[in-house]
Each structure stands twice: as C-alpha cells, then as structure tokens.
Visitor: 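Can you keep this structure in mind? I'll have questions shortly.
The analysis underlying the following values was restricted to heavy atoms, covering all of them including side chains, and did not include hydrogens, waters or symmetry mates. Read the numbers this way: they start at 1 and go in the same order the structure lists the ligands and their atoms. Keep in mind that what you see is a predicted model, and the values were worked out from it rather than measured.
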Amino acid sequence: MKILHASAEYFPYIKMGGLADMLASLTKVQAQSEEVYVALPLIGTMGKEPQWTGKEYKALLTEDTNEKTMAVSLLAKARFREAEESGVKLYFFDSELFVNLASIYGQAEEHYRFAIFSYACYALSQILKVDAFHAHDWHTAISLALQKNSSKSIPSLFTIHNLAYQGDHPFWMTGFLKEDPFRLVTSPFDHDEKCNYMKVGILSAGQITTVSPGYREETLTEPNGFGLSYVLNKRKANYSGILNGIDPDEWNPESDKRIFQTYNLQNWKEGKSKNKEELYREIGRPNLPLDAPLIGLIGRLTYQKGFPTFLQAFLERRHLPHRYVVLGSGDPETENAFFHLSDTMPDVFYFYKGYNESLAHKIEAASDFFLMPSLFEPCGLNQMYSHAYGTIPIVSRVGGLKDTVEESIDPKFKTGIVFEPNDVGSLGYALERAKDLFVSLDRDIVVKNMMKLDWTWKKRKLEYDNIYKSAIERLQ
Ligand code: ADP
Ligand code: GLC
C-alpha cells in the first residue's frame, strides 16, 4: 500500500511537540511493509538538513487553474523536493510562504499559508497516486475537503492530535477558498461564524482517528470537544481512538547516546543514580542530595499542561523531600513562577527555559518520577518514555494518560501514580504517595513492570492498517 501523510511537523526536521515524534515513529514502522511518503513544509530553521534525492514534484494540478489567483501563482512557483529518512520518502514543500519562517506556528497569515500547503499535499497525493491519504491536525485539514470533492478522490484519514487548536478564522479571511485552485463551498465549515479548519477535516475525511481511546470518549462531550463534539458525534461511526506508539531507537535507556550512562532492567538503580549525579553537576547544582526523589517535568507551558495546579500543590507540600527539574517554555506567567522558585529555592527547584532535546533525555534518565499534571491530554508521550526509562509517571486521570498509567493497589500491576485533573489536593496527595513509594520495596516491582511494557508501534500499526482498509472500502 502507498500511503501519503500530510503534516506540519516531523522529527527531527520540525518539532514543536508530540506530533513530530508520533509521525516519525509511526512512519518508520509503516515503511517496513508499505511505501510511505510524508509531505511537510520546508522552513528556514530545520532540525536537520534533509538528504535530498534530487527529485522534484509539482504542487499544482493543471485542472484546477482556470483563474490566475494569487494562490494559483504561489503554487505554480512552489514545488516538492524529495528526501529520504529511515526508508520513508519525505516531500518538502518549498514555497516562499514557508521558506523564511524561523518556526512553523504562531506566525501571521496561518489561515492562508496552511490552506496553500494543504492544497499542495492534495495535489501531491494525486500526482503520486497513493492508495491512502492521511492528514494530521487542522494545518492539513483543507486537503481532505479537496480530496472529497475530487473526481479522483483518494481514501482518506484525518488524525486529530489536539482539539484545542482548530484553525478557525473569520470568513472574511477565507474567501480565497472559494476560488481556484480550491473551489470549495465553505458554508458547512462554519462554526461560531468562523471557517473552522478542524471541522473541515472532521466532516470531509473518510475516517477519523484521535491518539487514544480515552481522548476519543472525552471529545464526544463538552468541554473536551472544544465546541466540536457535535461534529464528532455526527461522525462517531467513523471515529476511532488509537494510542500512539514510541520509537525504541530514540527512547531507550540501553542505547540512548544523549544520557550520561546507559542502563537496563538489571542495573536501573545504579544507572539512574549516575545520571542524577551528572545531571545535577550539569545544571550547576552538584550538592543536591542523590537519596531524595527527583521529579522531572517537561513540556510546553500552556493551559493544557496544568502547571499552575502543580505550582500550588508544590507550595502546599514544601515539607516533602522531593527535588524538581523543569524544562519548558511558553506562558510567561508560568515561566516567571518557575524562575522565581529556581532563584529562591535553588536546593529544591531548577528551571531551564527553552527547548532542549538532549536535556529532555537526560531528565528522563535521571528522574525517579515524572509529573504530568495535564488538564487534558490527547495521548502524551512522556509517560511512555518514562516507563521505558524506569521513571515512575505521576499523571492526571485524563485522555491518553489514564489509558497508559495504572495505579493498581497490587504492585504487580502498578505502572504509576494517578490523580484527579485540576485538583491541587489530589496532586498534593499523589506527591505524598510518591515519597512513600520511593522508599518502599514495591518500587522495584513497579519499575520492572514499567520497563517491561511495550509501547512500540507493533500492535497499533495494525490498527491503522484496519482504518486505511475501512477508508478504502468506504470509497468502493
Ligand atoms: P504535546 O504534543 O502536547 O506537547 P506530548 O507529550 O505528546 O505533548 O509530546 C511532547 C514532546 O515534546 C515530548 O517528546 C517532550 O519531551 C517534548 N518536549 C516538550 N517540551 C520540550 C522542551 N522544552 N524541550 C525538549 N523537549 C520538549
Ligand atoms: C498533541 C497532544 C499530545 C499527543 C501529541 C501526539 O500535541 O497534545 O497529547 O501526544 O499530539 O499525538
């Protein structure tokens, strides 16, 4: 089967969050048995220089170009440049709309830029004549409406990674979608009097998935549907939840080149202790005690991730022996609060503002616990990375977190600590349980349970295969 994915992120070229990791790891496994292509934008700052093959493809179909609109002339000048990565063919969209961007999101004119990119992805799917077209999140959703309207429509799948970001724009900004090369009737995409790209994807795709069964359930009602639960309910029969997988070549304490010392199920205690010692040295806090629990936190500092709940719980439970290492950037108020703690309580708290892939691995390896206080979490990857690194996840009971972490009373089945979302008391009590677990004999059992878990794509790749089959059957 030939599959074309369309995405704004792909690790290590463009990464803002889990989408990049999810897609790179999924396609790597798919490429073992299928022909896998990924269309993504070429921006000014890439995480890695692509391995170009020299082949190029058009981004515009001649049948869509009766009028000479601005979009038509931009697409005529643009092209896809082919590159290869781990058996996957990457098609970088080389267009003046993207090529000077320093980062992929948060720039002006996103409504236009991502619509143009979406058209290009649709055109590429037609040029490559793929068997299945798989678009991710709102940035590529317009391609699904084009696919649906096409006389040569290709079976399609839309994966929702996060309903909090929908790409909704006032209609006065999206009039261009009615013209060439799009030719769309946009009234069905109205949500709150705006053209909602996420809604376009949900209504147009043959099949829809999201990144965990738990999140699928949550999004069918409000507030977790972020206003779109009514549209998801309409498509409920074609809407599934498939848990993300992780890449054991990237996230494996036994072979990880970014950590200070590799370790495995047999020597995790010594391995973690060495990593903790070296991490403390690297962050300039060599005197922090190795026998006190270290809790790691990494993430985008946004509303979703629930850091203010943590901050309150932390202040209430200052008597606990825990040390904290936090890596992230985002909301300035949260950043300031973390800086303040890092300055005023240096023997307890350390904050690194920014994005740092290597430090993220070091924190996973060094920490005894990993805290994810999310208010909602479509899947979440760090709890699975934590399992692999023998780092006990402390997570809120939401979405993919509750699907992957089990706080059983029986230590044989325990794989973490779970608390109620947005609940300072519950999070505080979870921190108390972490203190007890750290010194209990059960800790060894729990760490072994976790390190034996298999969160790779093996099984879930098959679930995607079935969805592609359903999309193909729908079109027959
Ligand atoms: P989301 O996609 O909502 O951000 P996920 O848990 O799915 O959440 O994935 C986040 C990914 O991004 C993880 O691999 C995490 O380690 C990484 N990450 C987030 N913030 C940072 C940061 N500041 N530095 C390094 N890696 C980060
Ligand atoms: C989103 C979600 C996260 C998920 C990731 C990859 O960014 O916030 O929970 O793991 O996508 O699917």
Side-chain angles (χ1 to χ4, degrees), residues 5 7-12 14-27 47 103-105 134-139 158-166 198 209-216 218-219 224 226 241-247 250-251 256 258-259 296-307 325-331 334-335 338 351-365 367 370-389 391 393 395-396 398-405 421 455 457 460 464:
H5 291 268
S7 169
E9 296 185 41
Y10 194 82
F11 180 80
I14 305 180
K15 174 169 170 176
M16 297 303 288
L19 166 59
D21 285 13
M22 178 277 188
L23 192 57
S25 55
L26 167 64
T27 51
S103 71
I104 185 75
Y105 305 136
H134 188 162
H136 298 262
D137 270 352
W138 73 264
H139 318 101
F158 182 45
T159 296
I160 299 169
H161 293 262
N162 199 334
L163 267 181
Y165 306 100
Q166 301 183 355
M198 188 64 106
T209 63
T210 189
V211 289
S212 70
Y215 189 60
R216 176 193 179 271
E218 289 172 0
T219 55
N224 283 314
F226 278 88
I242 303 178
L243 202 62
N244 285 336
I246 67 170
D247 181 355
E250 287 294 331
W251 292 94
D256 191 336
R258 295 181 173 102
I259 64 179
L297 293 98
I298 304 171
R300 296 179 292 111
L301 307 182
T302 60
Y303 169 79
Q304 171 187 351
K305 303 294 175 182
F307 288 111
V325 171
V326 183
L327 163 64
S329 65
D331 164 33
T334 311
E335 284 179 359
F338 284 157
F351 175 51
Y352 179 103
K353 177 189 159 168
Y355 182 88
N356 188 327
E357 192 71 31
S358 168
L359 184 57
H361 284 248
K362 288 172 178 165
I363 293 175
E364 277 291 3
S367 300
F370 192 92
L371 178 59
M372 300 177 80
S374 307
L375 304 183
F376 62 95
E377 195 61 75
C379 180
L381 297 174
N382 275 106
Q383 79 282 15
M384 296 190 267
Y385 298 152
S386 296
H387 280 156
Y389 282 67
T391 310
V395 303
S396 53
V398 289
L401 301 179
K402 70 171 184 244
D403 288 352
T404 47
V405 180
W455 291 127
W457 278 103
R460 275 150 290 152
Y464 273 108

Visitor: In terms of residue, atom name and distance, what is the protein heavy atom nearest to atom 9 (O) of ligand 2?
Guide: Glu377 OE2, 2.5 Å

Visitor: Please state whether Met16 comes within less than 4.0 angstrom of ligand 1, counting heavy atoms only.
Guide: no

Visitor: Within the structure, is a non-hydrogen atom of Cys379 found at a distance of less than 4.0 Å from ligand 1?
Guide: no

Visitor: What is the nearest protein non-hydrogen atom to atom 2 (C) of ligand 2, stated with its residue, atom name and distance?
Guide: His161 O, 3.3 Å

Visitor: Just heavy atoms, cut-off under 4.0 Å: does Met22 contact ligand 1 by side chain, backbone, both, or neither?
Guide: neither

Visitor: Give the atoms of ligand 1, by number and element, whose distance to some non-hydrogen atom of Gly380 is under 4.0 Å.
Guide: 6 (O), 7 (O)

Visitor: Please report whether the ring centroid of Tyr105 lies less than 6.0 Å from that of His139.
Guide: yes

Visitor: What atoms of ligand 2 come within less than 4.0 Å of a heavy atom belonging to Pro378?
Guide: 2 (C), 8 (O), 9 (O)

Visitor: Where do Thr159 and Val211 come nearest, in terms of heavy atoms and distance?
Guide: CG2-CG1, 4.0 Å

Visitor: Quick one: nearest non-hydrogen protein atom to atom 8 (O) of ligand 2, plus distance?
Guide: Gln304 NE2, 3.0 Å

Visitor: Where is the tightest heavy-atom contact between Lys305 and Arg300, given as atom of each residue plus distance?
Guide: CG-O, 3.0 Å

Visitor: Quick test: of every protein heavy atom, which one is nearest to atom 4 (O) of ligand 1, and how far off is it to 0.1 Å?
Guide: Arg300 NE, 2.8 Å

Visitor: Any nitrogen or oxygen of Asn356, main chain or side chain, under 3.5 Å from a nitrogen or oxygen of ligand 1?
Guide: yes

Visitor: Specify the protein heavy atom at minimum distance from atom 22 (C) of ligand 1: its residue, its atom name, and the distance to 0.1 Å.
Guide: Tyr355 CD1, 3.4 Å

Visitor: Specify the closest pair of heavy atoms between His387 and Trp455, including all atoms of both residues, with the distance to one decimal.
Guide: ND1-NE1, 2.9 Å

Visitor: Is there a heavy atom in Pro378 that sits closer than 4.0 Å to ligand 1?
Guide: no

Visitor: Of all the non-hydrogen atoms in the protein, which one sits nearest to atom 10 (C) of ligand 1, and at what distance?
Guide: Gly18 N, 3.6 Å

Visitor: Taking both backbone and side-chain atoms of Gly380, is any N or O found less than 3.5 Å from an N or O belonging to ligand 2?
Guide: yes

Visitor: When you compare ligand 1 with Asp21, is there at least one nitrogen or oxygen pair between them that comes in under 3.5 angstrom?
Guide: yes

Visitor: Would you say the side-chain atoms of Thr391 pair up with the backbone N or O of Phe370, donor to acceptor, closer than 3.5 Å?
Guide: no

Visitor: What residue and heavy atom of the protein are closest to atom 23 (N) of ligand 1, and at what distance?
Guide: Gly354 O, 2.7 Å

Visitor: Specify whether Tyr385 and Trp251 have parallel, tilted or perpendicular ring planes, treating 30° as the upper limit for parallel and 60° as the lower limit for perpendicular.
Guide: parallel

Visitor: Taking atom CG of Leu381 and atom CE of Met372, what is their separation to the nearest 0.5 Å?
Guide: 7.5 Å

Visitor: So which of Glu364, Glu250, Lys305, Glu377 gets nearest to atom 1 (P) of ligand 1, if we judge by its closest heavy atom?
Guide: Lys305

Visitor: Does NZ in Lys353 sit with more than 12 non-hydrogen atoms of other residues, nucleotides or ligands closer than 6.0 Å?
Guide: no

Visitor: For ligand 1, note which part of Leu359 has a heavy atom under 4.0 Å away: side chain, backbone, both or neither.
Guide: neither

Visitor: Can you find an N or O of Cys379 that's nearer than 3.5 Å to an N or O of ligand 2?
Guide: yes

Visitor: Once the angle between the rings of Tyr464 and His134 is folded into 0 to 90°, is it parallel (under 30°), tilted (30 to 60°) or perpendicular (over 60°)?
Guide: tilted

Visitor: Give the minimum heavy-atom separation between Thr210 and Ile160, together with the two atoms involved.
Guide: OG1-O, 2.7 Å

Visitor: Between Leu327 and Asn356, what is the shortest heavy-atom contact and its length?
Guide: CD2-O, 3.6 Å

Visitor: Is Asn162 touching ligand 2 with its side chain, its backbone, both, or neither, if touching means heavy atoms under 4.0 Å apart?
Guide: side chain

Visitor: When you measure from atom 6 (O) of ligand 1 to every protein heavy atom, which one gives the shortest distance, and what is it?
Guide: Leu381 N, 3.0 Å

Visitor: Closest heavy-atom contact between Ser212 and Gly399?
Guide: OG-C, 3.7 Å

Visitor: Mind checking whether Tyr352 has a heavy atom under 4.0 Å from ligand 1?
Guide: no

Visitor: Counting each atom of ligand 1 from 1 as listed, which ones have a heavy atom of Gln304 under 4.0 Å away?
Guide: 3 (O)

Visitor: Under a 3.5 Å distance rule, please check whether Gln383 uses its side chain to pair with a backbone N or O of Pro393 as donor and acceptor.
Guide: no

Visitor: Name the closest protein heavy atom to atom 19 (C) of ligand 1, giving the residue it belongs to and the distance to 0.1 Å.
Guide: Gly299 CA, 3.8 Å

Visitor: For the 3.5 Å polar cut-off, considering only N or O atoms, please tell me whether Asn382 and ligand 1 meet it.
Guide: yes

Visitor: With a sphere of 6.0 Å drawn around OH of Tyr303, does it hold more than 12 non-hydrogen atoms of other residues, nucleotides or ligands?
Guide: no

Visitor: Under a 4.0 angstrom heavy-atom cut-off, which atoms of ligand 2 come close to Val211?
Guide: 12 (O)

Visitor: Under 4.0 Å from ligand 1, counting heavy atoms only, is it the side chain of Lys15, its backbone, both or neither?
Guide: side chain

Visitor: Counting only heavy atoms closer than 4.0 Å, does ligand 2 sit against the backbone of Asp21, its side chain, both, or neither?
Guide: neither

Visitor: State whether the side chain of Ser25 and the backbone N or O of Met22 hold a donor-acceptor pair below 3.5 Å, judged by distance alone.
Guide: yes

Visitor: Below 4.0 angstrom from a heavy atom of Gly18, which ligand 2 atoms are there? Numbered from 1 as shown, please.
Guide: 5 (C), 6 (C)

Visitor: Of all the atoms in ligand 1, which lie at a distance below 4.0 Å from a heavy atom belonging to Tyr385?
Guide: 14 (O)

Visitor: Look only at the side chain of Gln166 and the backbone of Phe226, and say whether a donor-acceptor pair between them is shorter than 3.5 Å.
Guide: yes

Visitor: side-chain contact (heavy atoms from CB on, under 4.5 Å) with Ser7: which of Leu19, Ile14, Asp137?
Guide: Leu19

Visitor: Is there a donor-acceptor pair under 3.5 Å between the side chain of Glu218 and the backbone N or O of Val398?
Guide: no

Visitor: Show me which atoms of ligand 1 lie under 4.0 Å from any heavy atom of Gly328.
Guide: 23 (N)

